[in-house]
2 protein chains.
Amino acid sequence: MEITAEILTAARRHLASEGAPSLSLRAIARELGMTSSAVYRYVASRDDLLTWLIVDAYNSLGAASELAERGVEREDVIGRFRTTCRAVRQWAISNPHEWALIYGSPVPGYVAPADTIVPASRVPQLLGAILVDAVRAGRVRESLMGERVDPTLDSSLAPLREALGIAVPTAVIHQALMVWVGLFGAVSFELFGQFQNVIGDGPGERDALFDRCVRRWLDEIGIA
Amino acid sequence: MEITAEILTAARRHLASEGAPSLSLRAIARELGMTSSAVYRYVASRDDLLTWLIVDAYNSLGAASELAERGVEREDVIGRFRTTCRAVRQWAISNPHEWALIYGSPVPGYVAPADTIVPASRVPQLLGAILVDAVRAGRVRESLMGERVDPTLDSSLAPLREALGIAVPTAVIHQALMVWVGLFGAVSFELFGQFQNVIGDGPGERDALFDRCVRRWLDEIGIA
DNA sequence: TATTTTATAGAGCGATGCTCTTGTATTAGA
DNA sequence: TCTAATACAAGAGCATCGCTCTATAAAATA
């Protein structure tokens, strides 16, 4: 329906400018020229609206990353990885409130519905595809490929292993997971203000920091 | 004052059980048997109370980590690091709402006052001290110690370098920063639910995952 | 004792999420 | 074409919130 889209658009704008905590159904209703009770015909609750925005944000981030990555030659695994990392960070800087919504503190009592799972996995999927190509091309660190590992860790990473499709040693999967965590941790730290008084924020300083992180992540997997 | 302490205690309990978003001055007042307007004699605003709790949480985490680390022999750098990491994670699991408060999404419009800086730096300081001892003992990776680095990165990490006291190569500082980010990123990912449907959560599985992270962080710095 | 300070209560403002009832168009069926 | 069902919106209302203002009781001070 038309109105549903209008509500979503207004909500998106409110989220981007004020952030999720101050997103109010009444304000959106006011803006669209209807009563607060009227929007409840289209939105089940505030949490419901939040879910729309969460899915929306995941998809926006996923699309931005995929688009950027697709612009790099398939053989250039390093370039694809670096481009993806930068796209993620750039999207986050451009959409800080959206980032906080999906990667920040969970709302107590709120349980993410199933329809958020697929959008949430777009970036991990992208990183996974890059990893798989690196493995296929034999460009992953030898010591990692051959390493035997705690069986508990094996089972812990079973869901990830299956998602990858091809057989990848657990040590490699774990290293990829660490890169994934490191990437999102670094972006969150920067956005959530943990670098205040710790890292310089002059022109280019944060970029340089992040770029070196990317290089180190590549090193850790062994892609060279 | 007595009442101030009572308010803080009640607030702490509310935070731990319901989380920060639903922390209400009125509820605290009700619980202490006074009017909502009465608490405003002791608390300037809700944000003010939040700041108390933030400082409190940072100190609680800092104290727990320091206590754990102090129980390890000084020469055992690996043990000190591992113990600190585990203490941080354990504290987070035991105090999820407090963790979300200090490491989750920043409240839009809220600016952390200066009195949060020192408590916030307790864990980084602890990690820094371990790093310094490792450097002094010559136990940091050679390749890292000798590496030359982008001057922009140099200046970006200047605040950190000064905080460490002794001369540590930028490449090492950056690596330590990555470990710091990785540690807090990993804990946040686990607590904020990003591992749902991705990492198994059977008995010991998450522990095994984290333990290997710790080992890899040690490897990356080169402590062995 | 008189006065000033301190601590509390109470009422009130504007805002929120959400529900329930009422009213009105538009559409579908007889 | 008339009627009945349906879709949609408005309005009032409830409980809650942060916060302010004023009036009042108690305690400390002069």
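The basis for the numbers below is simple: all heavy atoms, side chains too, and nothing from hydrogens, waters or symmetry mates. What you are looking at is a predicted structure, and each value in this text was computed from that prediction instead of being measured.
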Report which part of the nucleic acid [X] touches: base, sugar-phosphate, or nothing (heavy-atom distance under 4.0 Å, all strands).
{"X": "A:L32", "answer": "nothing"}
{"X": "A:S36", "answer": "base"}
{"X": "A:S24", "answer": "sugar-phosphate"}

### Task
Name all residues meeting the side chain to side chain contact (heavy atoms under 4.5 Å, CB included) criterion together with A:A129; count only those two or more places apart in sequence or in a different chain, and write none if there are none.
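Once residues adjacent in sequence are excluded, A:A129 has no partner under the side chain to side chain contact (heavy atoms under 4.5 Å, CB included) criterion.
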
Roughly how many Å is it from [atom1] in [X] to [atom2] in [N], rounded to a whole number?
{"X": "B:I28", "N": "D:dG18", "atom1": "CD1", "atom2": "P", "value": "8 Å"}
{"X": "B:E2", "N": "C:dT8", "atom1": "CD", "atom2": "P", "value": "12 Å"}
{"X": "B:M34", "N": "C:dT8", "atom1": "CE", "atom2": "P", "value": "6 Å"}
{"X": "B:Y42", "N": "C:dT8", "atom1": "OH", "atom2": "C1'", "value": "8 Å"}
{"X": "B:Y40", "N": "D:dC17", "atom1": "OH", "atom2": "C1'", "value": "9 Å"}

### Message
What residues from residues 46-56 of chain B pass a heavy-atom cutoff of under 4.0 Å to DNA chain C?
### Response
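Nothing qualifies; none.
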
### Task
Please tell me which of A:L25 and B:R41 maps to the more 5' nucleotide of DNA chain C, matching each residue to the nucleotide holding its nearest heavy atom.
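Result of the comparison: B:R41.
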
Between [options], which nucleotide gets closest to the side-chain atoms of [X]?
{"X": "A:T35", "options": "C:dA7, D:dG11, D:dC19", "answer": "D:dG11"}
{"X": "B:R30", "options": "C:dA9, C:dA7, D:dC17", "answer": "D:dC17"}
{"X": "B:R26", "options": "D:dC19, C:dT19, C:dT8", "answer": "D:dC19"}

### Task
Take A:R212 and B:D150, measure what salt bridge (Lys or Arg N to Asp or Glu O under 4.0 Å) needs, and give me the verdict at the end.
CA-CA 9 Å; A:R212 181 168 176 98; B:D150 177 14; over 6 Å; no

#### Entry: Test side chain to side chain contact (heavy atoms under 4.5 Å, CB included) applied to B:R89 and B:L183, B:D207, B:V214, the passing residue
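Testing each of B:L183, B:D207, B:V214 against B:R89, the sole residue satisfying side chain to side chain contact (heavy atoms under 4.5 Å, CB included) is B:D207.
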
#### Entry: Pairing of B:R216 and A:E220 as salt bridge, 4.0 angstrom limit
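No, B:R216 and A:E220 are not salt-bridged.
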
### Query
Checking side-chain contact (heavy atoms from CB on, under 4.5 Å) for the pair B:V179/B:L127: CA distance, chi angles, key distance, verdict?
CA-CA 9 Å; B:V179 170; B:L127 292 172; 6.0 Å; no

### Query
Taking the six-membered ring where the residue is Trp, are the ring centres of B:F184 and B:Y103 under 6.0 Å apart?
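When the ring centroids of B:F184 and B:Y103 are compared, they turn out to be within the sub-6.0 Å range.
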
### Parallel, tilted or perpendicular: ring planes of A:W217 versus A:F81, cut at 30 and 60 degrees
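Geometry flag for A:F81 against A:W217: perpendicular rings.
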
